[in-house]
Amino acid sequence: MLIVSQNKEKLMIFGISFNGLEYGEDTVKNGRKEEIQHKIFISDGCLEEVGKYKSKERCLEILKEICQAYENERFSDYAYDQAAMVQRPYIFAQNLVYEMPEE
């Protein structure tokens, strides 16, 4: 699956170029006031921001949407059919997402 960053400047291939997406918070000082920013990061040994949103709930909704897009993605492989002497698709698969249950 491909994921485009919020600012549309990055295109990432999920599963090949990075291993995960995660929610995180940054605290930013705005004058005397501290503001919490809710973000989604790529997690591949270091964190790289790919999107910033108004709330933790919105970030978690987006992560859920990514899971749904991944589940709905289908792929096929091709194999050489000796009898017909052609390449043919031989498998169609759907990706699965397992969510860890609550305690």
Side-chain angles (χ1 to χ4, degrees):
M1 173 187 343
L2 299 177
I3 296 176
V4 179
S5 66
Q6 188 178 34
N7 65 6
K8 311 293 188 253
E9 294 178 357
K10 296 176 189 160
L11 177 65
M12 292 132 310
I13 302 171
F14 182 74
I16 295 174
S17 62
F18 64 94
N19 295 323
L21 293 166
E22 65 182 74
Y23 166 77
E25 296 177 355
D26 277 344
T27 303
V28 177
K29 289 188 178 183
N30 190 1
R32 291 183 179 191
K33 207 162 84 173
E34 285 189 352
E35 179 183 317
I36 295 176
Q37 294 183 339
H38 305 276
K39 300 179 179 183
I40 295 176
F41 294 94
I42 290 175
S43 174
D44 62 353
C46 61
L47 296 178
E48 182 178 352
E49 178 188 326
V50 290
K52 182 172 34 174
Y53 301 93
K54 291 183 180 182
S55 66
K56 177 179 181 176
E57 291 75 24
R58 180 64 182 136
C59 287
L60 297 180
E61 284 175 9
I62 291 167
L63 290 175
K64 182 80 171 170
E65 288 172 14
I66 290 169
C67 288
Q68 290 169 344
Y70 179 78
E71 284 179 314
N72 293 329
E73 178 182 55
R74 298 186 190 278
F75 64 91
S76 62
D77 286 330
Y78 289 84
Y80 190 73
D81 183 342
Q82 295 286 354
M85 304 294 279
V86 294
Q87 285 277 100
R88 293 189 187 228
Y90 72 96
I91 190 169
F92 290 92
Q94 185 172 357
N95 297 311
L96 300 175
V97 172
Y98 178 80
E99 291 188 28
M100 297 301 290
E102 302 260 340
E103 188 175 355

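Since the model is a prediction, treat every value here as computed from it, not as a measurement.
Salt-bridge annotation for Lys64 and Glu61: absent, with no side-chain N of the basic residue lying under 4.0 Å from a carboxylate O of the acidic one.
Rounding to the nearest 0.5 Å places SG of Cys59 at 7.0 Å from NE2 of His38. To the nearest 0.5 Å, the span separating CD1 on Ile36 from CG on Asp26 amounts to 10.0 Å.
Residues passing the side-chain contact (heavy atoms from CB on, under 4.5 Å) test with Glu34 are Thr27, Lys29, sequence neighbours excluded.
In terms of heavy atoms, Leu63 sits closest to Glu22 at CD1-C, 4.5 Å. Shown here for Leu60 and Tyr23, the closest heavy-atom pair between the two residues is CD2-CB, 4.3 Å.
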Taking only distance into account, with no hydrogens and no angle test, what donor-acceptor pairs under 3.5 Å do side-chain atoms of residues 4-14 form with protein atoms, sequence neighbours excluded?
unit_1	atom_1	unit_2	atom_2	d
Ser5	OG	Asn7	OD1	2.7
Ser5	OG	Glu9	N	3.3
Ser5	OG	Lys10	N	3.0
Gln6	OE1	Lys52	N	2.6
Gln6	NE2	Lys52	O	3.0
Asn7	OD1	Glu9	N	3.0
Asn7	ND2	Glu9	OE1	3.3
Lys10	NZ	Glu48	OE2	2.7

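Taking hydrophobic clusters as Ile, Leu, Val, Met, Phe, Trp and Tyr residues chained together by side-chain heavy-atom distances below 4.5 Å, Leu21 shares a cluster with Tyr53. Ile40 and Tyr70 fall within the same hydrophobic cluster, where Ile, Leu, Val, Met, Phe, Trp and Tyr residues are linked whenever their side-chain heavy atoms come under 4.5 Å apart, directly or through other members.
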Next item on the list: Check the pair Ile3 / Val50 against side-chain contact (heavy atoms from CB on, under 4.5 Å), numbers first and verdict last.
Entry: CA-CA 9 Å; Ile3 296 176; Val50 290; 5.8 Å; no
